[in-house]
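Notes follow once the structure below has been shown.
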2 protein chains.
Amino acid sequence: MTTIKEIAKLANVSTATVSYVLNEPDKISAETREKVIRIIEQTNFKPNSIAKSLKVKKTNTLGIITEDITVFNTPEIIDGIDEYAEKNNYYILLENVRLFKRIGNNYKDTSKFVGVIREITGVLLSKQVEGIIYIGAHCRDVSGLIDKLPVPTVYTYCYTDSDISVNYDDESAAYQITKHLLKLNHKQIGIITGLMDSAQCQDRLKGYQRALYEHNILFNPEYMKVGNWERETGYTAGKELLSLSNRPTAIFALNDYMAGGVIDAAGELGLNIPRDVSLVGFDNRECSYSYTPKLTTMGLPLNAMGAKSAEILINLINHRQKDHLKNVKLKCELFQRKSVGGLL
Amino acid sequence: MTTIKEIAKLANVSTATVSYVLNEPDKISAETREKVIRIIEQTNFKPNSIAKSLKVKKTNTLGIITEDITVFNTPEIIDGIDEYAEKNNYYILLENVRLFKRIGNNYKDTSKFVGVIREITGVLLSKQVEGIIYIGAHCRDVSGLIDKLPVPTVYTYCYTDSDISVNYDDESAAYQITKHLLKLNHKQIGIITGLMDSAQCQDRLKGYQRALYEHNILFNPEYMKVGNWERETGYTAGKELLSLSNRPTAIFALNDYMAGGVIDAAGELGLNIPRDVSLVGFDNRECSYSYTPKLTTMGLPLNAMGAKSAEILINLINHRQKDHLKNVKLKCELFQRKSVGGLL
DNA sequence: CTGTTAGCGCGTTCAC
DNA sequence: GTGAACGCGCTAACAG
């Protein structure tokens, strides 16, 4: 690899001159500048940013820790981070924990992998990243997972009790969906929840109830079935709801997988979606588009979450962050497709 | 941040001693070693790998260029790279081109973004990556996209006419599928292709024909319909195939989307899958699992491709690569689900 | 005003 | 177990 010294020699100038051409071109006369630039281009010289970073104590590098890059939400978040970072001249060092492969389904027990995380943050810090974004595989409380770090840290798709996090607004999303159904004159709206110990599930339930309440509709416990996020429970719950004597005219499944189960159930019962019953999912996963009918579902602002995380982090790094930020919640967007119909 | 000097001072030794404790502990007496280690732990000191890299001229960093990290195949490939890299003490600097957002669907016209790629490789080189893995968004010839680089480069999910690439074996995968159907006594096997200008499509067609040939079955042009990879053409082609007087007993759609279209077509014609017609897809995309019936499809060795790319690259970096490697093709694995039945 | 000299950043490693 | 040169680019201070 060519070095600045060789360029200097070839151009018959000092290394300082070359450096100025690169960093403060105005300081150098047009003539020498062009001569130097020509030689740089000819030799394909790229200044060693390692050396530069050592000197200026700035790496312009962000560390990303993903719990699992193969989880559907993660790539889009990274994409958002990446776009914002690039625009602001930051680069990305990626650490993928491979959570599921490493510790299976016990990921809720954070103690199992604090050691792994400590090692990873150590690497990132020794590589002088200026800030860290932690992307959860699954939206939950990860307090205690990362020790207090000497660089700013932002959590997304998860949160802690003391750090800045970026997520989407489950409550408002569920409210939005329920409102949408109510406006189409649905008054009997079934809901299939995920596991009840998840904050996401609780928040969505709140949004659902708030919308009902605003329309003076009493929450009917018969219309709520508890699922576990998997298609099978959507099927079971769907069957129960649709077999009710006063069956709901619309069903809100708290994720797309369970909505798929409802489609199965409706099919078996000879019910047509959306004619006989409307259906809404959540997540806008790829599969929701290939269901028959195409599923109306809630899209997550993943890209925006990534971009927002990067924005906050870079602001923190450069000490221009308003410090009142804590839990940022971005709005979701409804994707209206073919599984919802209106009532007279 | 603490430096080696401060540690040295606190421990009353020279910086050299601290360095040896870190890198060649045996050279230092147990007594001083432990003293130094204690202080390192107390102060939470992390050696600055930037400075180390500058000195030892080794960053242990691999650059990954992804054409688009949001494309379904990419995260799993990165996961594979990551796993292998981590085991071998390499780290990952990620550059995401965001191909589709940047230049829309004209990605086949490589000239449109050579400039972007040149800039990205420049950044990676200046950050002293020791090798680069280029991950295509779409398997195709990308010759001329990257200038000859001073570090080893491996292409995956794409290829060039002169560099090492890692892909999967389309021909053998299609052969495997066709063979599977033939063994179940299917003799009339329809095929729905993707766009014919793709090498992948050509190779799969070859595999299909080779299997038929081995079973002395003449290729029947009526049984081949050309699609464009989208669900709609799968539907159209499926309808045509299934309306034939001697309709095929099995259909091989060259991707899962088009297989979805065949499911639509069969449904409309009142044909049951797999009773009336068997169906196989390709890609094992998430949606294939949520079709009714669950689709039998060909899984791609994405993780293995990533790992293999990393392995080759790291071997190249350390000059222990057999140089006869060129186009590595990994085997695919059939996922047998519910869309295929046997014939008497 | 243009361009040069020289020391610095931090950890490594060789000669002593 | 230590002193000191070294890697490469940056930049303050300075000379022409």
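Naming convention: chains lettered A, B, ... in sequence-line order (proteins, then strands); numbering from 1 in each chain. All of these numbers come straight from a predicted model, not from anything done at the bench.
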Tell me which donor-acceptor pairs under 3.5 Å the side chains of residues 143-152 of chain A have, and how far apart each pair is, sequence neighbours excluded?
{"residue": "A/Ser143", "atom": "OG", "partner": "A/Asp141", "partner atom": "OD1", "Å": "2.6"}
{"residue": "A/Ser143", "atom": "OG", "partner": "A/Asp161", "partner atom": "N", "Å": "2.9"}
{"residue": "A/Ser143", "atom": "OG", "partner": "A/Asp161", "partner atom": "OD1", "Å": "3.4"}
{"residue": "A/Ser143", "atom": "OG", "partner": "A/Asp161", "partner atom": "OD2", "Å": "3.3"}
{"residue": "A/Asp147", "atom": "OD1", "partner": "A/Arg118", "partner atom": "NH2", "Å": "3.3"}
{"residue": "A/Asp147", "atom": "OD2", "partner": "A/Arg118", "partner atom": "NE", "Å": "2.9"}
{"residue": "A/Lys148", "atom": "NZ", "partner": "A/Asp163", "partner atom": "OD1", "Å": "3.2"}

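- In this structure, the CZ atom of B/Arg33 is 15 Å from the P atom of D/dT2, given to the nearest Å.
- Salt-bridge annotation for A/Glu41 and A/Arg38: absent, with no side-chain N of the basic residue lying under 4.0 Å from a carboxylate O of the acidic one.
- Atom CD1 in B/Ile7 sits about 15 Å away from atom P in D/dT2, given to the nearest Å.
- Rounded to 10 degrees, the angle between the two end axes of the helix from C/dC1-D/dG16 to C/dC16-D/dG1 is 50°, with five pairs used at each end.
- Spacing between atom NZ of A/Lys9 and atom P of C/dT4 amounts to 14 Å, rounded to whole angstrom units.
- Legend: residues meeting side-chain contact (heavy atoms from CB on, under 4.5 Å) with B/Asn44, ordered by chain and number and at least two apart, are B/Lys46.
- Partners of B/Lys27 according to the salt bridge (Lys or Arg N to Asp or Glu O under 4.0 Å) rule, which considers only residues two or more places apart in sequence or in another chain, are B/Glu24.
- At a threshold of 4.5 Å between non-hydrogen side-chain atoms, the residues B/Tyr168 and B/Tyr157 count as touching.
- Between A/Ser29 and C/dG3 there is a side-chain N or O to OP1 or OP2 distance below 4.0 Å.
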| remark: Per-nucleotide protein contact along nucleotides 6-16 of chain C, 5' to 3', at a 4.0 Å heavy-atom cut-off (B base, S sugar-phosphate only, - neither), is -BBBBBBBB--
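- Separating the CD atom of A/Glu34 from the P atom of C/dT2 is a distance of 14 Å, rounded to the nearest angstrom.
- Salt bridge absent: B/Lys9 and B/Glu6 never bring a charged side-chain N and a carboxylate O closer than 4.0 Å.
- The distance between atom NZ of A/Lys58 and atom C1' of D/dG9, rounded to the nearest whole Å, is 17 Å.
- Residues satisfying the salt bridge (Lys or Arg N to Asp or Glu O under 4.0 Å) criterion with A/Glu86, sequence neighbours excluded, are B/Arg98, B/Arg102.
- Among the heavy atoms of the strands, none lies under 4.0 Å from A/Ile50.
- Heavy atoms of other residues, nucleotides or ligands lying less than 6.0 angstrom from NZ of B/Lys5 number 12 at most.
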